[in-house]
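Only heavy atoms go into these numbers, but all of them, side chains included; no hydrogens, no water, no symmetry mates. Positions are given from 1, in the same order as the sequence printed here. Remember, predicted model here, so these are calculated numbers, not experimental data.
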Amino acid sequence: MIFDLQRTRAMSFIGGVAAVAICLGGTAAHAEVLDPAADPATELATDLVAEPAAPAEPAAPAEPAVPAEPGVEPAETSAEENGGDPAPSEDDDLREILGAVSDGFGASAYDGALESLADTSFAADDDESGRTITVDDSGMVSFSAEGNAGFAVTFDDASSGLVNDSDGGPLAYEAGEDAVIVPQIIDTYFRGIFVLESSEAPNEFSMSLSSDDALSLSPDETGGIIFTDATGEEIGGFAAPWAKDARDRPVPTQYLIDGQTVRQVVDVSSLGADDFPVVADPAAYVNFTKKYVVDVRNHGNVAKWRYLNQCTAKKGLSCSIGRTYTVSASVQTALNASFKFVGASIGVTAGASRSVNVSCSVKGPKKVTLHASATKKTYKIRSVRTYGVPPWLKRDVRTSHTLTAYKPNGKYVCS
């Protein structure tokens, strides 16, 4: 291998909330293509016009060889000192390999690399989207989000747990003698970077998808893949694949769908030995929804909010109402926003009760009607559902009709 992965397995297991997994793998390889122009032995000789040769001077006598000291090895000369090409390094750093390549979106392919087990879990810092991405030691990456079926991706070709390279660089799974998989978490999405170290590395990687719910996989117009649940709701997917050679030049790559398995195939047939390592990436994302309460307006006191009781007095008689009533706040919601979320946003807790002590009387002939009072608020709920990865992020924005909430204030009206 071009770089060595330390064999110390991470003993910690990082769990995650998810119900879907993706596995990456492959076995195909291609023949190495050498570049004759890079070999000094192919340089053409240059014809020179010889001048008359001067008489040769006697050669100086050779100095006697100095015997080597016991136990001391003779010094070696490098390939550069002998006029040849430098030997391939056995300690190429994954940081250098990935840092020299830009991803399909123009950012460094090293962004989001995980350098310790503490980095292998991501949770959004907002309450309503509920997004989590978790990478574990077995090769599974779990995704979940509020209102989402959840899924996981397992790298089928991961042949080791998460280990660091020899310089303590990013965590990676071994995937054969000349390939590794580097998991990365970048806020809203996950990248599984395949590093093909040489022409002997596999050029096809398999990823298995799983979920508690039945999922369907279908290609989109960009070359990516969409995951949909049994209701037809899009819950996540793979962004369009990309691959780059060692000179940061695009390499053809594509996905192939086989049931719940996705294979990424990298076409390295036209590459030479100097074009490696090759870096390829499937980026997986989970759709998430954030909700907002907007256009909140206070309308003050509503005197006759909720009917409580009534009485009717005949002529010459009277009637009265004297008792304690319990009334509860009402909150409307829409677009699957929870009552708790809406209530916290507007300062009205759905179902919160308030006692109203009532005393009403009237002389007949007359009827008296009793109502509890409350303060009124109106508002709308906005739902923003986000799909994909940059720069192909898509947003579906929906806004509800005007909703109303009432908060009892302990007052009442007899009329």
Side-chain angles (χ1 to χ4, degrees), residues 123-132 144-150 188 229 231-235 286-312 319-362 366-387 393-415:
D125 57 3
D126 54 79
D127 294 331
E128 64 273 13
S129 72
R131 287 173 292 145
T132 63
S144 66
E146 185 70 27
N148 194 314
T188 61
D229 62 19
T231 68
E233 183 76 13
E234 180 180 340
I235 67 166
V286 59
N287 294 349
F288 63 94
T289 301
K290 294 182 68 173
K291 296 182 175 67
Y292 308 86
V293 176
V294 298
D295 297 339
V296 179
R297 298 183 182 183
N298 295 308
H299 297 270
N301 184 62
V302 176
K304 297 181 179 181
W305 164 53
R306 178 166 294 174
Y307 169 82
L308 297 178
N309 207 342
Q310 69 177 28
C311 70
T312 302
C319 73
S320 63
I321 303 172
R323 57 171 292 187
T324 298
Y325 292 88
T326 300
V327 290
S328 299
S330 66
V331 175
Q332 292 182 323
T333 187
L335 302 179
N336 296 318
S338 69
F339 286 103
K340 180 180 179 180
F341 167 70
V342 175
S345 300
I346 63 174
V348 180
T349 302
S353 60
R354 179 80 182 262
S355 296
V356 182
N357 297 314
V358 176
S359 177
C360 289
S361 62
V362 66
K366 195 172 182 181
K367 179 175 74 174
V368 63
T369 303
L370 174 64
H371 289 85
S373 303
T375 55
K376 176 183 177 181
K377 290 186 177 183
T378 58
Y379 51 93
K380 297 177 181 179
I381 296 173
R382 181 162 296 151
S383 171
V384 180
R385 189 165 178 80
T386 303
Y387 307 73
L393 278 177
K394 299 179 291 182
R395 288 183 172 86
D396 174 18
V397 180
R398 293 186 291 169
T399 304
S400 72
H401 60 280
T402 299
L403 305 171
T404 306
Y406 293 95
K407 183 178 183 179
N409 54 22
K411 300 177 181 180
Y412 64 94
V413 172
C414 292
S415 59

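How far OG1 of T386 is from CZ of R131: 7.5 Å, rounded to the nearest 0.5 Å. For the atom pair CG of L403 and NZ of K380, the computed distance is 9.5 Å after rounding to the nearest 0.5 Å. Note that the OG1 atom of T333 and the NZ atom of K340 stand 14.0 Å from one another [nearest 0.5 Å]. A distance of 8.5 Å separates CG of N298 from OG1 of T378, quoted to the nearest 0.5 Å. Atom CG of N301 and atom NZ of K407 lie 13.0 Å apart (nearest 0.5 Å). How far OH of Y412 is from CG of L370: 8.0 Å, rounded to the nearest 0.5 Å.
By the 4.5 Å heavy-atom criterion applied to side chains, T326 and R354 are not counted as neighbours. For the pair T324/V358, no side-chain contact is recorded, criterion being any heavy-atom separation below 4.5 Å from C-beta on.
Cation-pi geometry between K394 and Y387 is satisfied (NZ or CZ under 6.0 Å from the ring centre, within 45° of the ring normal). Under the 6.0 Å distance and 45° angle rule, R382 does not count as a cation-pi partner of Y292.
No side-chain N or O of S353 forms a donor-acceptor pair with one of S328 less than 3.5 Å apart. No hydrogens or angles considered: nothing links the side chains of S415 and H371 as a donor-acceptor pair under 3.5 Å. T289 and R385 form a side-chain donor-acceptor contact under 3.5 Å, judged by distance and modelled atom types alone.
Nearest heavy atom pair, residue S330 against residue V348, reads O-CG1, 4.5 Å. Closest approach of N409 and S373 over heavy atoms only: OD1-O, 3.2 Å. Pairing each heavy atom of V342 with each of V293, the nearest pair is CA-CG2, 4.3 Å. Counting all heavy atoms, side chain and backbone alike, V286 lies closest to A145 at CG2-CB, 4.0 Å.
Proximity of a side-chain donor or acceptor of S400 to a complementary backbone N or O of I381 within less than 3.5 Å is detected. When atom types are taken as modelled, the side chain of K377 and the backbone of I346 share a donor-acceptor pair closer than 3.5 angstrom. Checking side-chain atoms of S338 against main-chain N and O of F341 turns up a donor-acceptor pair under 3.5 Å. Between the Y379 side chain and the Q332 main chain, a donor and an acceptor come within less than 3.5 Å of each other. Between the side chain of N309 and the backbone N or O of T369 there is no donor-acceptor pair closer than 3.5 Å.
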Test log, rule disulfide (SG to SG under 2.5 Å), inputs C311 and C319: CA-CA 6 Å; C311 70; C319 73; 2.2 Å; yes
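Other residues, nucleotides and ligands place more than 12 heavy atoms under 6.0 Å from the CG atom of D295.
When the options V327, V302, T375 are evaluated for a side chain to side chain contact (heavy atoms under 4.5 Å, CB included) with Y406, the one that passes is V302.
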